[in-house]
> 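Attaching a single structure in structure tokens format; questions to follow.
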Amino acid sequence: METIQLTVDKNVDKEKIYSQAVDLLNQGEVVAFPTETVYGLGAVATNDEAVKKIYEAKGRPSDNPLIVHIGTIEEVTDFVEEIPEKAKTLMERFWPGPLTLIMKAKKDVLAKSVTAGLSTVGLRMPDHEVALTLLRMLKKPVAAPSANRSGKPSPTKAEHVYEDLQGRIPLILDGGTTGIGIESTVIDVTVNPPVILRPGGVTKEMIEKEIGEVIEPTPKEQQLESTPKAPGMKYTHYAPDAPVYLIENNRERIERAIDELKREGHKVALLAPSKFSSTTADYFFPYGEEEDKEQMAAKLYDDLRACDKTDASIILATTTTTEGVGAAIMNRLHKAAGGKWYGTPNTTT
Ligand code: TXA
Ligand code: MG
């Protein structure tokens, strides 16, 4: 299958591009499109055959449910049994935006493979012009996981999608680099207090301001959980080809680690704030300015992917605190590293 990429910007006939995407989706095909978090690979969420094509294209395990994207808040009632009060508050405050709400699904409305056998469904309204226009023209719910091959870092640029899925999907809508860079926060509002199953762009602090206490397991706790509530969180994720090791943001440690590894014959890639550009690492991919977590989130997957284009044999990635969007960053870094540290961490993250 030939994969076509169409750029959606001011200078093109947008109407024609959207119609093409809508037609493909209505025909039961999959289409990749940008959201404010990462690129998604969408199919009509009520068409089981179409949704299966997502799993196939991604190589995704079939027990990992998909998020359903909608274009208006009114549609929620079509897909869920009841909307808890706290969910209403969160939708009004954060939609459109990077927050996925897990609620009790109405029976037999969505395709079986969307919910992967669970009685709940994750819903979100993305905050991106291309995604919203597409959803509102289509007037149907769209199941969409991140548009990467399963296990790889999520795509933050159309070219990442192309790298992973060329020949496997018919169309990629290119809307430039995504703003947030890591996936939406997933929160289970079927329980009280609600539980954050995956930290993301909408932080625990932001949520608690609206609805009071919520529970967010630390990255370590999430790793120790034997049956994670978000099924996707149990798989290796976000991983480049070379092994990733976490390392504290400490110049002396970093320089010593690079020396040791190079002596052992390694080619070292370093992911760290810009101020570490002067180390002797063979490759350096900056996160941006120190303590600018938004910048770090936006760059992380692109940096991890960039490592695959080098002959680095080991990747060192510096960590950050779990405040604000740092919780989401550390969650993804832990997964990318499979929990491995270079040396012993003296932090609790
Ligand atoms: O930002 C995002 O959320 C992106 C964009 C494309 O919207 N999508 C995304 O989807 O990250 P995906 O499939 O890569 O991740 C969905 C996560 C998985 O960890 C999955 O297990 C969890 O949400 N999930 C989905 N439905 C669930 C449910 N009913 N109960 C618990 N977890 C669920
Ligand atoms: Mg994903």
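In each ligand, atom 1 is the first atom listed, and ligand 1 is the first ligand listed. Each residue takes its place number in the sequence, starting with 1.
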> For residues 113-123, tabulate all N or O donor-acceptor pairs below 3.5 Å that involve a side-chain atom, not counting sequence neighbours.
unit_1: S113; atom_1: OG; unit_2: D48; atom_2: OD1; d: 2.5
unit_1: T115; atom_1: OG1; unit_2: K112; atom_2: O; d: 3.4

> For ligand 1, is there an N or O atom under 3.5 Å from any N or O atom of T100?
no
> Quick one: do the K293 and T321 side chains pair a donor with an acceptor below 3.5 Å?
yes
> Under 4.0 Å from a heavy atom of R124: which atoms of ligand 1 are those, numbered in the order shown and with their elements?
1 (O), 2 (C), 3 (O), 5 (C), 7 (O)
> Atoms of ligand 1 less than 4.0 Å from L118 heavy atoms?
28 (C), 29 (N), 30 (N)
> What I want to check is whether the side chains of S146 and E183 have a donor and an acceptor closer together than 3.5 Å.
no
> Under 3.5 Å between any N/O of Y39 and any N/O of ligand 1: does that happen in this structure?
no
> Check this for me - ligand 1, T37, N or O atoms closer than 3.5 angstrom, yes or no?
yes
> Do S146 and ligand 1 have an N or O pair less than 3.5 Å apart?
yes
> Can you tell which of G117, S184, G200 gets a heavy atom nearest to atom 3 (O) of ligand 1?
S184
> Which one of G122, G201, P65 has a non-hydrogen atom at the shortest distance from atom 25 (C) of ligand 1?
P65
> Could you list the atoms of ligand 1 found under 4.0 angstrom from a heavy atom of A144?
6 (C), 8 (N), 10 (O)
> Is the shortest distance from a Lys or Arg side-chain nitrogen in K53 or E29 to a carboxylate oxygen in the other one below 4.0 Å?
yes
> I'd like to know if K52 and E56 make a salt bridge, using a cut-off of under 4.0 Å between side-chain N and carboxylate O.
no
> Mind checking whether the Mg ion (ligand 2) has an N, O or S of S146 under 2.8 Å?
yes
> Considering distance alone, does some N or O of E183 sit under 3.5 Å from an N or O of ligand 1?
no
> With respect to E216, which candidate in I196, I187, I207, V195 satisfies the side chain to side chain contact (heavy atoms under 4.5 Å, CB included) definition?
I196
> Got a sec: does the CD of E264 have more than 12 other heavy atoms crowding it under 6.0 Å?
yes
> Going by the atom numbers of ligand 1, which of them fall below 4.0 Å from some non-hydrogen atom of H69?
5 (C), 6 (C), 7 (O)
> What atoms of ligand 1 come closer than 4.0 angstrom to any heavy atom of G40?
6 (C)
> Do any heavy atoms of T115 fall under 4.0 Å from ligand 1?
no
> When rounded to the nearest 0.5 angstrom, what distance separates CD1 in I4 from CD in Q166?
13.5 Å
> Applying side-chain contact (heavy atoms from CB on, under 4.5 Å), can you list everything that pairs with L135, at least two apart in sequence or on another chain?
H69, P126, V142
> Nearest heavy atom to atom 12 (P) of ligand 1 wins, so pick from A32, S119, G181, P145.
P145
> What part of R60 sits under 4.0 Å from ligand 1 if we count only heavy atoms: the side chain, the backbone, both or neither?
side chain
> Quick one: OG1 on T318 to CD1 on I247, what's the gap to the nearest 0.5 Å?
8.5 Å
> With atom 18 (C) of ligand 1 as the reference point, say which of V38, N64, I54 has the nearest heavy atom.
N64
> Considering only NZ, NE, NH1 and NH2 on the basic side and carboxylate oxygens on the acidic side, decide whether E163 and K152 come within less than 4.0 Å.
no
> Which of the atoms of ligand 1 are close to T120, meaning less than 4.0 Å from one of its heavy atoms?
28 (C), 29 (N), 30 (N)
